[in-house]
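Data first, discussion second: the structure below is written as structure tokens.
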2 protein chains.
Amino acid sequence: MGLDQLLKKLKNNGYKVTQQRKAIVQILVLNKGKIISVEELLKQVKKIYSKTNLTTVYRNLEILEHIHLVHKVMNEEGKAYYHINELDSHHHHIICKGCGKTEVVEYCPIDYLSQVAKDKKIRLTEHKIELYGYCEECEKLNGLKEEDDKIH
Amino acid sequence: MGLDQLLKKLKNNGYKVTQQRKAIVQILVLNKGKIISVEELLKQVKKIYSKTNLTTVYRNLEILEHIHLVHKVMNEEGKAYYHINELDSHHHHIICKGCGKTEVVEYCPIDYLSQVAKDKKIRLTEHKIELYGYCEECEKLNGLKEEDDKIH
DNA sequence: TTATATGCAAAAGATTTGCAATATA
DNA sequence: TATATTGCAAATCTTTTGCATATAA
């Protein structure tokens, strides 16, 4: 989805298209395929519309998540990261721990897992599958870092 | 693993077995098969050793997680829940959203997913698979709640 | 015009930290 | 006894809320 379509989706859901919303969505699109923290998002948004406030970013991320335009990822420390939803169809992500780059994985074992749950008398309503690793570039950087460690 | 073995594992890792640690592990064992929040854990721990402090609970959960005796689950709001690790072997959990009950799922598609990642030039280092739903009992309670909703 | 959205400041909630006191081995 | 552990209070960090003001439709 392009910027226009995303803004249209906001409008269609009864939300006004404000300067701040435009800037937030724009930055999210610019960071497509990469998770981004809320402060980092604000930092970049301010380059487009400098008046934007942190509270506004939080409030809008909630809205964007609600209409499924963005996806929220919680890290182990309980800090939220966001990225724009690339596909309409169900999928999961591989997230690079070095640079935050995300890759889409279309495979999902949910049907099988639902049956496993059903056998245990549980009705599944949600599932979370998140894969973490290092992309080629970050792997190289890590290698260099390790070299450095050896020297010092 | 029984309480004694768990405390031995603490000792073997160079940690002292304090009153607080004993109480914390005891309560975690008592809540086996169920995720529990930190305050709830403290509340129950205090019944055994009333002097226990919240800070101590946090510090020890970190240790217990580090030696793989407990497993941490983050909810969407960034709040942590813990439960004792039932098995030595790799597995995942189904968590009941009603009562926090956990069920072990031994199936894991990680080998396949690692290959998918490898094809995308990513080396997987971690993965998170969490399944959420409602157990039979909570399902019944939900049903009753819905009945209530219809009446009022 | 008018309801929605924003900014600011303050609050809330979870978790962490420094440091002096305490308990374990 | 020596070192790890704890408790307390304060700090930190992220996120949320109330309310007056500003803005999109």
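Naming: A, B, ... by sequence-line order, numbering from 1 per chain. Just so it is clear, the values below take in all heavy atoms, side chains as well, and ignore hydrogens, waters and symmetry mates.
- Where Gln20(B) and Glu62(A) meet DNA chain D, the nucleotide closest to each residue was compared, and Gln20(B) sits on the side nearer the 5' end.
- At whole-Å resolution of the value, CD in Glu77(A) and C1' in dT12(D) are 14 Å apart.
- The side chain of Thr18(B) sits closest to dT5(D) out of dT14(D), dT5(D), dT17(C).
- Residue whose closest nucleotide on DNA chain C sits further toward the 5' end, between Lys51(B) and Val57(A): Val57(A).
- When the nearest nucleotides of DNA chain C are assigned to Ala80(B) and Arg59(B) by heavy-atom distance, the more 5′-ward of the two goes with Ala80(B).
- Side-chain polar atoms of Asn31(A) and Glu40(A) form no donor-acceptor pair below 3.5 angstrom.
- A donor-acceptor distance shorter than 3.5 angstrom exists from the side chain of Asn75(A) to the backbone of Gly78(A), with no hydrogens or angles considered.
- When the nearest nucleotides of DNA chain D are assigned to Lys11(A) and Tyr15(B) by heavy-atom distance, the more 5′-ward of the two goes with Tyr15(B).
- Put simply, NZ on Lys79(B) is 16 Å from P on dA12(C), counting in whole angstrom units.
- In summary, the aromatic rings of His68(A) and His66(A) are positioned with their centroids too far apart to meet the 6.0 Å limit.
- Side-chain rings of His127(A) and His92(B) stay apart, their centers remaining 6.0 Å or farther from each other.
- Nearest nucleotide to the Lys16(B) side chain, out of dT14(D), dT17(D), dT24(C): dT24(C).
- In this structure, the nucleotide among dT15(C), dG7(C), dT16(D) sitting nearest to the side chain of Tyr58(A) is dT16(D).
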